[in-house]
Amino acid sequence: APDPVDDVRATVADALTRGRAVSFTYRPVDGEASTRTVDPIRILASDAQWYLRGWCHLREAVRTFHLDRVSELVVTDIAAGEHDDQEVSLFSGPGGDVTARIAFDDTVAPLLGQYLDHADITPADDGGQSVATLQVGDPRTLKRLAARRGGAVEVLEPREAREAAGDWASAALTRYGKS
């Protein structure tokens, strides 16, 4: 059966092939709908969800958009610019120059995607947490990884990344009146 985002995905793929920006209405889960113009960089799938990575003209930065939250999509006459995608360089290889370590519950391993693709993993013994050693371009980005997994991922090293994750969690708790 066709997936509800098949048409959106096909239109974005067409824009990528033609080197054109797309315009659409985007409705985030927790916010108001907004009109976006985006230079597509790539389409990706993760956890059975389709995403568009692209340069958002409104935010003036690379952003990720859930394709199932996109409506009124059109390919524009605007030539898409060339943009680097830092997410690609977060992982092992030429872009990663900082060694990081994370501990994670094995139940979330399939959700860690590219983070574990090139990592050295020490499996959990006796039901504890596995530890992955990986290369990242910017260790502070690991705070998002930890935040999205509700305590199932802990940033161990480097100190800068561990502190960034802790600062992010503290700021979030403060917003809810907790400390």
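Below, all heavy atoms of this structure are taken into account, side chains as well, without hydrogens, waters or symmetry copies. Nothing here was measured: the structure is a model prediction, and the numbers come from that model.
- Considering only heavy atoms from C-beta on, Asp14 stays 4.5 Å or farther from Arg20 through its side chain.
- A heavy-atom distance below 4.5 Å is not found between the side chains of His57 and Val38.
- Ser130 and Asp106 make their closest contact through OG-OD1, 2.6 Å (heavy atoms, listed as atom of the first residue, atom of the second, distance).
- Scanning all heavy atoms of the two residues, the minimum distance from Ala61 to Trp55 falls at CA-CZ3, 3.4 Å.
- Only one option out of Leu134, Thr133, Val131 pairs with Ile102 in a side-chain contact (heavy atoms from CB on, under 4.5 Å); it is Leu134.
- Both Ile121 and Leu142 are members of a single hydrophobic cluster when ILVMFWY side chains are connected at heavy-atom separations under 4.5 Å.
- Taking 4.5 Å as the limit, every side-chain heavy atom of Trp50 sits out of range of all side-chain heavy atoms of His66.
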Please step through salt bridge (charged side-chain N to carboxylate O under 4.0 Å, His left out) for the pair Arg27 and Glu32, ending with a clear verdict.
CA-CA 6 Å; Arg27 181 172 298 281; Glu32 302 225 1; over 6 Å; no
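- When atom types are taken as modelled, the side chain of Asp105 and the backbone of Gln129 share no donor-acceptor pair closer than 3.5 angstrom.
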Evaluate the side chain to side chain contact (heavy atoms under 4.5 Å, CB included) criterion for residues Val70 and Leu52: first the C-alpha distance (whole Å), next the side-chain angles of each, then the deciding distance (0.1 Å), finally the verdict.
CA-CA 10 Å; Val70 168; Leu52 161 63; 5.9 Å; no
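- Contact of the Leu73 side chain with the Ser23 side chain is not registered, since no non-hydrogen atoms from C-beta on lie closer than 4.5 Å.
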Pair Val22-Thr76, side chain to side chain contact (heavy atoms under 4.5 Å, CB included): steps then yes or no
CA-CA 5 Å; Val22 292; Thr76 70; 5.7 Å; no
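- The list of ring-ring contact (aromatic ring centres under 6.0 Å, His included) pairs with a residue in residues 16-38, not counting sequence neighbours, reads Phe24-Phe65, Tyr26-Phe65.
- In this structure the side chain of Thr99 never reaches within 4.5 angstrom of the side chain of Glu157, judged on heavy atoms.
- Between Leu156 and Glu154, some side-chain heavy-atom pair lies under the 4.5 Å cut-off.
- A donor-acceptor pair under 3.5 Å is formed between the side chain of Arg162 and the backbone N or O of Val155.
- Residues Leu16 and Ile43 meet the side-chain proximity criterion, which asks for heavy atoms closer than 4.5 Å.
- In this structure, Thr25 contributes its side chain and Thr35 its backbone to no donor-acceptor pair below 3.5 Å.
- If you take OG on Ser34 and CZ on Arg59, they are separated by 6.0 Å, rounding to the nearest 0.5 Å.
- Atom-to-atom distance recorded for Thr64:OG1 and Arg53:CZ is 3.5 Å, nearest 0.5 angstrom.
- For the residue pair Ala21 and Asp39, the shortest heavy atom distance occurs at CB-OD1, 3.3 Å.
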